[in-house]
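Quantities reported herein were computed from a predicted structural model and do not represent experimental measurements. All values below were derived from every heavy atom in this structure, side-chain atoms included, with hydrogens, water molecules and symmetry-related copies excluded.
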Amino acid sequence: MRGFIKLIRNTETDKLIGARVIAPEGGELIQQLSMAIKFGITVKDLAESFYPYLTLGEGIKLAAITFGKDVSQLSCCAS
């Protein structure tokens, strides 16, 4: 499946303040992202959370990881 996830964070607090999801099943991710914003979850917290492998939710983790790691350094499956 192809799609796009963009996370927007406050650079001073690292808290998630917004997101954009463009994917055929992207609506499935909105609840998780809205709860992260409501409860002040940081991008670091999202990156360090556990996600089932090969799920849409894992895309959030991969997007969060890119704040601290070059995308080209991610696994082959993340490209």
Side-chain angles (χ1 to χ4, degrees):
M1 180 176 298
R2 294 182 182 260
F4 176 81
I5 298 172
K6 178 180 182 178
L7 302 180
I8 304 163
R9 71 174 175 153
N10 179 319
T11 56
E12 293 177 10
T13 64
D14 195 43
K15 290 182 181 178
L16 186 68
I17 57 172
R20 291 187 179 156
V21 178
I22 302 170
E25 301 293 333
E28 299 295 324
L29 303 176
I30 298 304
Q31 178 63 25
Q32 180 182 1
L33 294 168
S34 66
M35 296 298 283
I37 293 167
K38 179 178 180 177
F39 292 106
I41 302 298
T42 65
V43 170
K44 181 180 178 189
D45 289 335
L46 289 174
E48 293 176 349
S49 295
F50 293 105
Y51 295 83
Y53 180 65
L54 288 177
T55 63
L56 291 172
E58 187 186 22
I60 293 172
K61 178 178 184 150
L62 294 172
I65 288 172
T66 63
F67 281 100
K69 190 172 189 177
D70 185 350
V71 175
S72 67
Q73 301 291 317
L74 296 176
S75 74
C76 64
C77 302
S79 60

Cluster check Ile5, Ile8: I/L/V/M/F/W/Y, side chain < 4.5 angstrom: no
Establish whether Ile41 and Ile37 are linked, either directly or via other cluster members, by ILVMFWY side-chain heavy-atom contacts under 4.5 Å. yes
Indicate the atoms forming the closest heavy-atom contact of Glu58 with Pro52, along with that distance. CB-O, 3.7 Å
If you take all heavy atoms of Leu46 and Ala64, which pair is closest and at what distance?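 Leu46 and Ala64 have their closest heavy atoms at CB-CB, 3.9 Å.
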Separation between OG1 of Thr66 and NZ of Lys6, rounded to the nearest 0.5 Å: 11.0 Å
To the nearest 0.5 Å, what is the distance between CG on Leu7 and CD1 on Ile60? 7.0 Å
For Lys61 and Ser49, indicate whether the former's side chain and the latter's backbone hold a donor-acceptor pair under 3.5 Å. yes
Of all pairs that satisfy salt bridge (Lys or Arg N to Asp or Glu O under 4.0 Å), the ones with a partner from residues 11-24, not counting sequence neighbours: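 For residues 11-24, and leaving out neighbouring residues, the salt bridge (Lys or Arg N to Asp or Glu O under 4.0 Å) pairs sorted by first residue read Arg9-Asp14.
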Is there side-chain contact between Leu33 and Val21, with at least one heavy-atom pair below 4.5 Å?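 The answer is yes, as the side chains (C-beta and beyond) meet within the 4.5 Å cut-off.
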Listed by chain and number, what are the side chain to side chain donor-acceptor pair (under 3.5 Å) partners of Gln32, not counting sequence neighbours? Tyr51
